[in-house]
Each structure stands twice: as C-alpha cells, then as structure tokens.
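Keep in mind that this is a model prediction, so the values were computed, not measured. For this chain, numbers begin at 1 and follow the sequence in order.
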Amino acid sequence: MHLHVADHPLVSHKLTVLRDRETPSATFRQLVDELVTLLAYEATRNVAVSETAINTPVAPTVGLQISEPRPIVVPVLRAGLGMLEGMTRLVPTAEVGFLGMRRDDDTLEIETYTNRLPDDLSGRQCFILDPMLATGHTMVAATNYLFEHGAKDVTCICILAAPEGIAELEKTVGDRADVKVVVAAVDDHLNEKSYIVPGLGDAGDRLYGIAD
C-alpha cells in the first residue's frame, strides 16, 4: 500500500477553512469540490493511457488517451457523493458506480445498503471517494469488494485520515502495490466515538445537513 499526503499550500488553506466549525454548508461543499480536484490530480498520476494517432491543424502526431476499460469512480454514500463532481471534472470520461455503506454506531461494523456497480470489474482502475478514513472499516470493505470483482488497482481518495484507519487498511491489504491512498492530511487520532481529531466533524452532516 502506498500513502500519499498532498503537500501543497492551496490544499492546506482549503482544509483549514473546511475544519472551521463556522464554515457554512454551501462554502463547505464548494471547498470539498475544489479539494477533491486537487487530490484527484495526484491520484490519477498513474492512470492507464494508450497511444492514439491524431491530426493537429499543422501535422499528424501521436498522443495519449485514457485506456479502455475506462476507470471507474466509486463514491461511498452519502458523504462521498460530495466529492464526485470534483473528481469527474478532472476525469470526465470515467464511469461512475456507487456503494452505500454505513457504520453501526454500537458495533462499529459496516453495513452495505446499496450497490450500483458492475458485477465484473476485471482490469478496471477504481477510485474510491470517501471524505474520512477514520476506523478504516468502510474503506477495507469497499476495497475488498472491488478486488473480489476483478478490479485492477484501487486508489482511495480521502480528505482526512487517522493513523488508526491507515493502519487498519494496511493490515488488510499489506504491501499490495495496487492499493494507494491519497489524502489532504493525516490527523492525530480517533476519539472515543471514532471521530478524527482534530478533524472537521461529520463530513456528511456538514455537506448536506443532519439526516434523521
């Protein structure tokens, strides 16, 4: 597994505003969108490409295009949905699937309540979108599902990660070179409620409001 922390002044600035509890939902959503585009640039550095012959207004040449099968972007509902536009803006030809997962607050186990993905992901590069890598249980479940269905490699794009979540994911995937994690920052720890500290609170609630 490879961990990449985006070290850039714009990332740091936008993340600081995101963390502020006074930042309203509209601004929060906009900043998540902008941050994900910056993270996606790093996450797609090794996206598969192939040569293609084209004609410019001046002369024939050979360029590169994203290979088939196209990569697939997988936001984890509901918070991951707020990251989707920032990702597809950078990779508009990617396909999109959805995983609906939630954590049981008592057992901390992950429940999958919806799945809108192809049954066969053979050869596909997959990008999982989930704002918070906290306990790591959701990301482990999502990553396992994609590989079990034939994914070629998996990149997890998160805004924040906790050391505990990184360790949990690494324990599962080991030294697999085809698993990458791209984050804006790694925070200090998880509190007793499994929230990232200092974190930014519940990303889903801050994006969309509190759901009953």
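Salt-bridge check for Asp205 with Arg78: passed, with a basic side-chain N closer than 4.0 Å to an acidic carboxylate O.
Between Ala6 and Leu39 the shortest heavy-atom distance is CB-CD2, 3.7 Å. Met139 and Cys158 make their closest contact through CE-SG, 3.5 Å (heavy atoms, listed as atom of the first residue, atom of the second, distance). Across Ala185 and Leu15, no two heavy atoms sit closer than the pair CB-CD2, 3.6 Å. Closest of all the heavy-atom pairs between Ala161 and Val183 is CB-CG1, 3.9 Å. When all heavy atoms of Pro131 and Gly80 are compared, the pair lying nearest together is CD-N, 3.8 Å. Nearest approach of Ala151 to Cys126, heavy atoms of both residues: CB-SG, 3.7 Å.
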task = For Met87 and Met83, run side chain to side chain contact (heavy atoms under 4.5 Å, CB included): C-alpha distance rounded to whole Å, both residues' side-chain angles, the deciding distance at 0.1 Å, then the answer.
result = CA-CA 7 Å; Met87 182 72 184; Met83 304 171 69; over 6 Å; no
ask   = How far apart are the C-alpha atoms of Leu133 and Val186, what are their side-chain angles, what is the distance that settles it, and do they pass the side chain to side chain contact (heavy atoms under 4.5 Å, CB included) test?
value = CA-CA 9 Å; Leu133 179 56; Val186 177; over 6 Å; no
inquiry  = Between Leu190 and Val197, is the side chain to side chain contact (heavy atoms under 4.5 Å, CB included) condition met? List the steps.
reply    = CA-CA 6 Å; Leu190 297 179; Val197 180; over 6 Å; no
ask   = What's the verdict on side chain to side chain contact (heavy atoms under 4.5 Å, CB included) for Asn115 and Leu99, showing C-alpha distance, side-chain angles and the deciding distance?
value = CA-CA 5 Å; Asn115 168 14; Leu99 277 176; 4.0 Å; yes
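Side-chain heavy atoms closer than 4.5 Å link hydrophobic residues (I, L, V, M, F, W, Y) into clusters, and following such links, even through other members, never connects Ile66 to Val62.
The environment of CZ in Arg116 is sparse: at most 12 heavy-atom neighbours from other residues, nucleotides or ligands sit within 6.0 Å. Heavy-atom contacts from other residues, nucleotides or ligands closer than 6.0 Å to CD of Gln65 number more than 12.
How far CG of Leu77 is from CG of Asp130: 10.0 Å, rounded to the nearest 0.5 Å. Note that OH of Tyr195 and NE2 of His189 are 14.5 Å apart. Values are rounded to the nearest 0.5 Å. Here Leu81 contributes atom CG and Arg29 contributes atom CZ; the two are 11.5 Å apart, rounded to the nearest 0.5 Å. In this structure, CD1 in Ile159 is found 6.5 Å from CG in Leu200, a value given to the nearest 0.5 Å.
Screening residues 50-59 for salt bridge (charged side-chain N to carboxylate O under 4.0 Å, His left out) gives no qualifying pairs among residues at least two apart or on separate chains. Residue pairs meeting the salt bridge (charged side-chain N to carboxylate O under 4.0 Å, His left out) criterion with at least one member in residues 54-74, sequence neighbours excluded: Arg70-Glu95. Applying the side-chain hydrogen bond (donor to acceptor under 3.5 Å, both in side chains) test to every pair with at least one member in residues 152-166, sequence neighbours left out, gives these pairs: Gln125-Asp153. Within the structure, every pair that satisfies the salt bridge (charged side-chain N to carboxylate O under 4.0 Å, His left out) test and touches residues 9-28, not counting sequence neighbours, is listed here: Lys14-Glu34, Arg19-Asp187. Counting only residues at least two apart or on different chains, the ring pair (Phe, Tyr, Trp, His ring centres under 6.0 Å) pairs with a member in residues 140-183 are Tyr145-His149.
Shown here are the salt bridge (Lys or Arg N to Asp or Glu O under 4.0 Å) partners of Glu170, two or more places apart in sequence or in another chain: there are none. In this structure His13 satisfies the side-chain contact (heavy atoms from CB on, under 4.5 Å) test together with Val17, sequence neighbours excluded. Partners of Thr61 under the side-chain contact (heavy atoms from CB on, under 4.5 Å) rule, at least two apart in sequence or in another chain, are Ile54, Thr56. Residues meeting the side-chain contact (heavy atoms from CB on, under 4.5 Å) test with Pro118, sequence neighbours left out: Ile72, Leu121. Taking the side-chain contact (heavy atoms from CB on, under 4.5 Å) definition, one finds that Thr27 meets it with Thr23, Pro24, Leu31, sequence neighbours left out. Under the side-chain hydrogen bond (donor to acceptor under 3.5 Å, both in side chains) criterion, Ser12 pairs with no residue, sequence neighbours left out. Qualifying side-chain hydrogen bond (donor to acceptor under 3.5 Å, both in side chains) partners for Glu168, counting only residues two or more places apart in sequence or in other chains: Lys171.
When each of Ile166, Leu169, Val182 is tested with Leu3 by the rule side-chain contact (heavy atoms from CB on, under 4.5 Å), just one qualifies, namely Ile166.
Between Val32 and Leu18, the closest side-chain pair of non-hydrogen atoms falls below 4.5 Å. Thr37 is not listed as a side-chain neighbour of Leu35, based on a closest heavy-atom distance of 4.5 Å or more. Two residues are said to be in side-chain contact when any heavy atoms from C-beta on lie closer than 4.5 Å; Val73 and Leu84 meet this criterion. Between Cys156 and Thr143 there is a side-chain heavy-atom pair separated by less than 4.5 Å. Within the 4.5 Å cutoff, the side chain of Val47 has no heavy atoms near those of the Val91 side chain. In this structure, Phe127 and Thr44 have side chains that are in contact, with non-hydrogen atoms separated by less than 4.5 Å. Residues Val181 and Met1 have side chains in contact (heavy-atom distance under 4.5 Å, counting atoms from C-beta outward). Counting heavy atoms from C-beta outward, Phe98 and Pro75 have side chains that approach closer than 4.5 Å.
A donor-acceptor pair is defined here as one N or O able to donate and one able to accept, closer than 3.5 Å; no such pair exists between the side chain of Thr52 and the backbone of Leu64. In this structure, the side chain of Tyr208 engages the main chain of Gly82 through a donor-acceptor pair within 3.5 Å.
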